[in-house]
Amino acid sequence: MKRYCAIIAGFLCFAFFINGCVEPFSPPEVNTDEGYLVIDGFLNVGTDTSRIELSHTQNANATTPVIKESSAAVSVEEENGVTYDFVESGNGAYFLPPQQFNKTSKYRLRVKTAFGKEYLSDYVEVKDTPPIDNIEGKVDTRQDAMVMQVNTHDPANQTRFYRWKFEETWQYRSAFYSSIEIVKKPVGEGYEIVSRREDVNLCWRTLKSANILLGSTVKLSQDVIKDLPLTAVPIASNKLYIKYSILVKQYGLTQDAFEYWTGLAKTTEGTGSLFDPLPSQITGNIKNTTDAQDLVFGYFSASVEQKKRIFLTPNLGTFPRCNAPDTLTIAEALEVPGSILTNYFGPRSEFVLTTSQFCADCRAQGGTISKPSFWE
């Protein structure tokens, strides 16, 4: 029976992963241009920095970037009156360095916008989080993917409600190596072919999770999460070709917080057809202090963030599909300065090989040639 419940919990979480997109957050019920405030973040009472992001909802049909809320005063207040002020770093992001928080106390969030609106959350208790036991990648032939799974447990049986986020980073290469490039001559007009000044063959790319990932052991006798799926990495991609890394972040939740995130997951996944239930208004535990009609979206909580990173070198995946390079004379290539050259061709180097940027410059696939500081 225990094993059955665990399987059901894992299945529900994986369903949330497949359908529950939360970033950027645009509640399905918002079909106007009111631009309600969205507060995303939590108080990290562990050893890492706390981060709060402020933005605004937008019409579901909008094509413009999400509007960020800048120049706000963001603070966390302890029940005993102690206040901790966040510092804005730009683009609607606010940070609070690690502090010596009292984990037995309660905290609330206060936000004052530059336009004079004030928002206040309920006081919330601190929820501790057990460490992550391990992260595993298991190949699932049915999905043609490697499924990343997390395992954790609380010996004290006190956590019961969990949420996860993750960041995946992978190293990859372009299909063709580009050793030469066309640059403008330093003196005078025209272009010339020179040896490439930087290696654009090897890149790293990082993506953050954009899904609501939840788990609960409330119906189990032991507070154990086993082999819970976080994401499925397609084998038919370049993510697993050289080296892959995933950083998993784990949070203990109160029951109220878990119910909020569960409701939000159901709302975001239940808007795909005419037969789906009408979405409910999921606004969380934050309110405008003077105007009850002014909606604000988000849920403030206080928790210890637990993190764990693993590296995998599975030697799976594929290069992007690219046709063989074209052959141009040097004169022809110089007429198209934007061409991506791979190498010289011919006994007297009278020709060059050219291909698309996507096939010879790894940055065209969204990555960077700068090696991450954490990379092993």
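- Inter-residue side-chain proximity for Ile193 and Tyr344 is flagged as met; some heavy-atom pair is nearer than 4.5 Å.
- Counted by atom type alone, Asn315 and Thr313 present zero donor-acceptor pairs between their side chains at under 3.5 Å.
- Residues Val76 and Ile52 fail the side-chain proximity criterion, which asks for heavy atoms closer than 4.5 Å.
- Between the side chains of Glu168 and Thr231, not a single donor N or O lies within less than 3.5 Å of an accepting N or O.
- Side-chain contact check for Lys226 versus His153: every heavy-atom pair is 4.5 Å or farther apart.
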For a quick test of your reading: what N or O donor-acceptor pairs under 3.5 Å do the side chains of residues 367-376 make, sequence neighbours left out?
{"unit_1": "Thr368", "atom_1": "OG1", "unit_2": "Ser370", "atom_2": "N", "d": "3.2"}

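- A search for salt bridge (Lys or Arg N to Asp or Glu O under 4.0 Å) contacts involving Asp294 returns Lys117, not counting sequence neighbours.
- Residue pairs meeting the ring pair (Phe, Tyr, Trp, His ring centres under 6.0 Å) criterion with at least one partner in residues 229-249, sequence neighbours excluded, are Tyr241-Phe319.
- Between Ser105 and Val126, the closest heavy-atom pair is O-CG2, 3.8 Å.
- Judged purely by atom type and a 3.5 angstrom limit, Glu69 has no side-chain atom pairing as donor or acceptor with the backbone of Ile67.
- Between the side chain of Arg160 and the main chain of Leu220, a donor-acceptor pair closer than 3.5 Å is present.
- Listed here is the closest heavy atom pair of Gln158 and Lys127: O-NZ, 3.0 Å.
- In the hydrophobic cluster analysis, where Ile, Leu, Val, Met, Phe, Trp and Tyr join through side-chain heavy atoms closer than 4.5 angstrom, Val124 is grouped together with Val111.
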Item to complete: For the pair Glu350 and Thr329, evaluate side chain to side chain contact (heavy atoms under 4.5 Å, CB included) and give the outcome as yes or no after the intermediate values.
Response: CA-CA 6 Å; Glu350 297 176 350; Thr329 65; over 6 Å; no

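- In terms of heavy atoms, Gln222 sits closest to Thr217 at O-CB, 4.0 Å.
- Under the 4.5 Å side-chain contact rule for hydrophobic residues, Val304 and Phe161 do not share a cluster.
- Under the side-chain hydrogen bond (donor to acceptor under 3.5 Å, both in side chains) criterion, Tyr251 pairs with Glu305, not counting sequence neighbours.
- Judged by distance alone, the side chain of Thr57 and the main-chain N or O of Tyr36 form a donor-acceptor pair under 3.5 Å.
- Taking 4.5 Å as the limit, some side-chain heavy atom of Leu312 sits within range of a side-chain heavy atom of Met148.
- Atom OH of Tyr123 is separated from atom CD of Glu78 by 9.0 Å, given to the nearest 0.5 angstrom.
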Practice prompt. Any chance you could lay out the side chain to side chain contact (heavy atoms under 4.5 Å, CB included) test for Gln357 and Arg363, step after step, and finish with the verdict?
Written response: CA-CA 9 Å; Gln357 188 175 22; Arg363 296 172 298 182; 5.6 Å; no

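- Using a 4.5 Å heavy-atom threshold, the side chains of Ile242 and Leu202 count as touching.
- Contact check on Arg108 versus Glu77 returns a salt bridge, with a Lys/Arg side-chain nitrogen under 4.0 Å from an Asp/Glu carboxylate oxygen.
- Every residue was checked against the salt bridge (Lys or Arg N to Asp or Glu O under 4.0 Å) condition with Lys287, not counting sequence neighbours, and none meets it.
- Taking the ring pair (Phe, Tyr, Trp, His ring centres under 6.0 Å) definition, one finds that Tyr119 meets it with nothing, sequence neighbours left out.
- Residues Thr129 and Ser303 have side chains that bring a donor and an acceptor to within less than 3.5 angstrom of each other.
- Checked against side-chain hydrogen bond (donor to acceptor under 3.5 Å, both in side chains), Gln365 has the following partners two or more places apart in sequence or in another chain: Asn238.
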For residues 85-93, tabulate all N or O donor-acceptor pairs below 3.5 Å that involve a side-chain atom, not counting sequence neighbours.
{"unit_1": "Glu88", "atom_1": "OE1", "unit_2": "Ser71", "atom_2": "N", "d": "3.0"}
{"unit_1": "Glu88", "atom_1": "OE2", "unit_2": "Ser71", "atom_2": "N", "d": "3.3"}
{"unit_1": "Ser89", "atom_1": "OG", "unit_2": "Ala93", "atom_2": "O", "d": "3.4"}

Fill in: Residue pair Lys185, Val187: steps toward the side chain to side chain contact (heavy atoms under 4.5 Å, CB included) verdict
CA-CA 5 Å; Lys185 290 182 179 180; Val187 179; over 6 Å; no

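- In this structure, Ser179 contributes its side chain and Thr342 its backbone to a donor-acceptor pair below 3.5 Å.
- A centroid separation of 6.0 Å or more is found between the aromatic rings of Phe166 and Trp164.
- The shortest heavy-atom contact between Pro314 and Met146 is CB-CE, 4.0 Å.
- A donor-acceptor contact shorter than 3.5 Å is absent between the side chain of Asp140 and the backbone of Ala145.
- No continuous path of hydrophobic side-chain contacts links Phe95 to Ile39 [ILVMFWY only; heavy atoms under 4.5 Å].
- Atoms CG and CZ, from Asn201 and Arg173 in turn, are 5.5 Å apart once rounded to the nearest 0.5 Å.
- Put simply, the side chain of Pro229 does not reach to within 4.5 Å of the side chain of Lys138, judged on heavy atoms.
- Note: Glu125 CD to Thr254 OG1 = 6.0 Å, rounded to the nearest 0.5 Å.
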Worksheet item: Should Asn285 and Asp256 be marked as a side chain to side chain contact (heavy atoms under 4.5 Å, CB included) after you check the CA-CA gap, both sets of side-chain angles, and the distance that decides it?
Response: CA-CA 9 Å; Asn285 63 348; Asp256 288 342; over 6 Å; no

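- Applying the disulfide bond (SG atoms under 2.5 Å apart) rule to pairs touching residues 175-242 yields Cys203-Cys362, sequence neighbours excluded.
- Thr152 approaches Ile132 most closely through the heavy-atom pair OG1-CA, 4.1 Å.
- Residues forming a salt bridge (Lys or Arg N to Asp or Glu O under 4.0 Å) with Lys307 (at least two apart in sequence, or on another chain): Asp48.
- With contacts defined as side-chain heavy-atom distances shorter than 4.5 Å, the pair Val352/Ile330 qualifies.
- Cluster membership for Leu214 and Tyr299, using ILVMFWY side-chain heavy atoms within less than 4.5 angstrom, is shared.
- Counting only heavy atoms from C-beta outward, the side chains of Leu43 and Phe300 approach each other to under 4.5 Å.
- By the salt bridge (Lys or Arg N to Asp or Glu O under 4.0 Å) test, Lys184 is found to be paired with no residue, residues two or more places apart in sequence or in another chain being considered.
- There is a side-chain donor-acceptor pair under 3.5 Å between Tyr162 and Asp223.
- Annotation: ring pair (Phe, Tyr, Trp, His ring centres under 6.0 Å) contacts of Phe101 (sequence neighbours excluded): Tyr84, Tyr107.
- Checked by atom type, the side-chain pair Thr289/Glu118 shows a donor-acceptor distance below 3.5 Å.
- Distance CG/Leu37 to OG1/Thr113: 7.5 Å, rounded to 0.5 Å.
- Val200 is not connected to Leu341 by any chain of hydrophobic side-chain contacts under 4.5 Å among Ile, Leu, Val, Met, Phe, Trp and Tyr, and they are in different clusters.
- Around the CG atom of Asn80, the shell of radius 6.0 Å holds more than 12 heavy atoms that belong to other residues, nucleotides or ligands.
- Taking each heavy atom of Asn343 and Ile180 in turn, the nearest pair found is C-CD1, 3.6 Å.
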